[in-house]
Amino acid sequence: MFPRVDPTSTESWRKLEEHYLRIKDLHMRDLFREDPGRFERFSIWFEDEILVDFSKNRVVDETMELLISLARECGLPQAIESLFQGEPVNETEGRAAFHVALRNLSSEPMRVLGQDVMPQVREVLEKMREFSESVRQGKWLGYTGKPISHLVNIGIGGSDLGPRMVAQCLRPYGHPRISVDFVSNVDGAEISRVLEKSDPETTLFFISSKSFTTQETMTNAMTARKWFLDRAKDERHIAKHFVAISTRRDLVERFGIDPRNMFVFWDWVGGRFSVWSAIGLSVCCYVGFERFQEMLLGAHRMDLHFRNAALERNIPVILALLSIWYNNFFGAETEAVIPYDQSMERFPAYLQQASMESNGKSATRLGRRATWSTAPILWGEPGTNGQHAFFQLLHQGTRLVPVDFLAPARTHYPVGNHHAILLANFLAQSEALMVGKTQEEVRRELASLGRSEEEIERLFPHMTLEGNRPSNTILFRKLTPWVLGALMAMYEHKIFVQGVIWNIYSFDQWGVELGKQLAKRILPELEESGPQVPHDSSTRGLIDAIRSMRGS
Ligand code: G6Q
């Protein structure tokens, strides 16, 4: 049975509250000065590829010990086993969340309800390999006999964010003949822009939808289908230009996609964990099956680490506990993720879904309202851009914002000394957040610039940086498929650990349903002679305004 512990009722929680009062005023500057071994102790290498430095956090050894005890009291080891045993950890939807099986490249069986799912996982992977190779080798031909040179993935949420982010990150591995685009928003602007530059003879559409009923995806898919048929003129040509990735064979057939062009996955794959499944097919065609498999392998290695490493040296566990430390004891409300890598531009958006859709919950596993805060608001942009935008708030704002800095030591784009400059900034920011700048330092600096005493008095409060602002630094050798896979799995497991400790269900997303239901009800009301359903006066007034604006 999955543990159900009210974290605030544990002995460790109580001790952490006391501990917080004792250490909250310690400054990291002093902790580093007094302890030359701090970096050694508070950093972990992952397979010589990724270095996770968590030493710039407001913790001492006792903090880490108490946080680990909290994890134990909340039944974390047992919860990890439940996840890997394929138990129905997604309890409100009555199924497993078994994405770890999708990247199980070992020969170990992985069972759901006693049945080994690995044969079917391998079968789909083999189909993905064959298909992607034929597209990349130019053997898969469009209806006029030309090879495919443009891939368009149509999907949204989990059927978009993962593949879109991965394709961007792995662009250096992309096939030189092939470009890839993603369409998710139901706003016609997105599909129009992609279709404008598409050639029907060489474009391949991937309709990615677990349910194959999602309004946005189906609307975009129908528009793409019509656009294609207006040009190709024959329904039989659809088979060469449309593939589907879904769990719903019946609906895929009804759409007119040849079932042989369908790639399945299973209900135990959650949408936001589905890039590891056939939902990753567009990426696989773009970067090649071997690269896709390297990404699975990186994730698999992180899975093994998460399952087997001691909690004290377990990277996802430590990242989760540090986040809980700030969220629940310091009252931090947000968390920033700043990749110093332009290719990772969509990484924060991908993580927003992974974290906020998983842990943005207020009902506990006991069905009561949580009296502690759950998922922080996650946000971020690539560095160095962020430095010239919101970093002011990180350095001097009234809020505490823990930051994850990520960067590759080596770049795919060795242009001049760009990368060294990027890395210097990456290091400078976490150092600046931590050490800050004292009043004395500011005074000395201003005096050396010849400023008057009066000016110094006026300026120093504005120029002082208190520092002591926490961050994790996640440094990796290079943004390879393996590293990316490992980083994604690291965050997935971090989020899982948080859900266990917050005693919430991380694998459902009931909160998004109401809006979908209401949108369906409102849609006909927007028509000129549409029905008038009762609404609050604001919604009513807005509907009427839209009708009149559209009418005119
Ligand atoms: C993810 C969510 C959600 C889902 C989309 C798309 O965990 O379930 O983001 O991925 O709503 O759903 P379909 O794949 O069914 O179109």
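For ligands, and for the atoms within them, numbers begin at 1 and follow the listed sequence. Hydrogens, waters and symmetry mates play no part in the numbers below; they use all other heavy atoms, side chains included. Nothing fancy with the numbering, it's 1 onward along the sequence.
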Distance under 4.0 Å to a non-hydrogen atom of Arg272: what atoms of ligand 1 satisfy this? 1 (C), 7 (O)

So between Met218, Lys516, Gln509, Gln353, whose heavy atom ends up nearest atom 11 (O) of ligand 1? Lys516

To the nearest 0.1 Å, how far is atom 5 (C) of ligand 1 from its closest protein heavy atom, and which atom is that? Ile156 O, 3.5 Å

Could you list the atoms of ligand 1 found under 4.0 angstrom from a heavy atom of Ser209? 13 (P), 14 (O), 15 (O), 16 (O)

Have Gln509 and Arg272 got a donor and an acceptor in their side chains that come within less than 3.5 Å? yes

Regarding ligand 1, does Ser211 bring an N or O atom to under 3.5 Å of one of the ligand's N or O atoms? yes

What's the shortest distance from atom 1 (C) of ligand 1 to any protein heavy atom, and which residue and atom give it? Glu357 OE1, 3.1 Å

How close do Gly162 and Val275 get, counting heavy atoms only, and between which atoms? C-CG2, 3.7 Å

Measure from NZ or CZ of Arg103 to the centre of the six-membered ring of Trp276, then state whether that distance is under 6.0 Å and the direction lies within 45° of the axis. yes

Restricting to side chain to side chain donor-acceptor pair (under 3.5 Å), what partner residues turn up for Lys197, sequence neighbours left out? Asp181

Polar contact flag for Gly158 and ligand 1 (N/O pairs, less than 3.5 Å): yes

With no hydrogens and no angle check, just 3.5 Å: does a side-chain donor-acceptor pair link Glu133 and Trp140? no

Any nitrogen or oxygen of Thr214 lying under 3.5 Å from a nitrogen or oxygen in ligand 1? Just yes or no. yes

Please check if the distance between the ring centroids of Phe292 and Tyr173 is under 6.0 Å. no

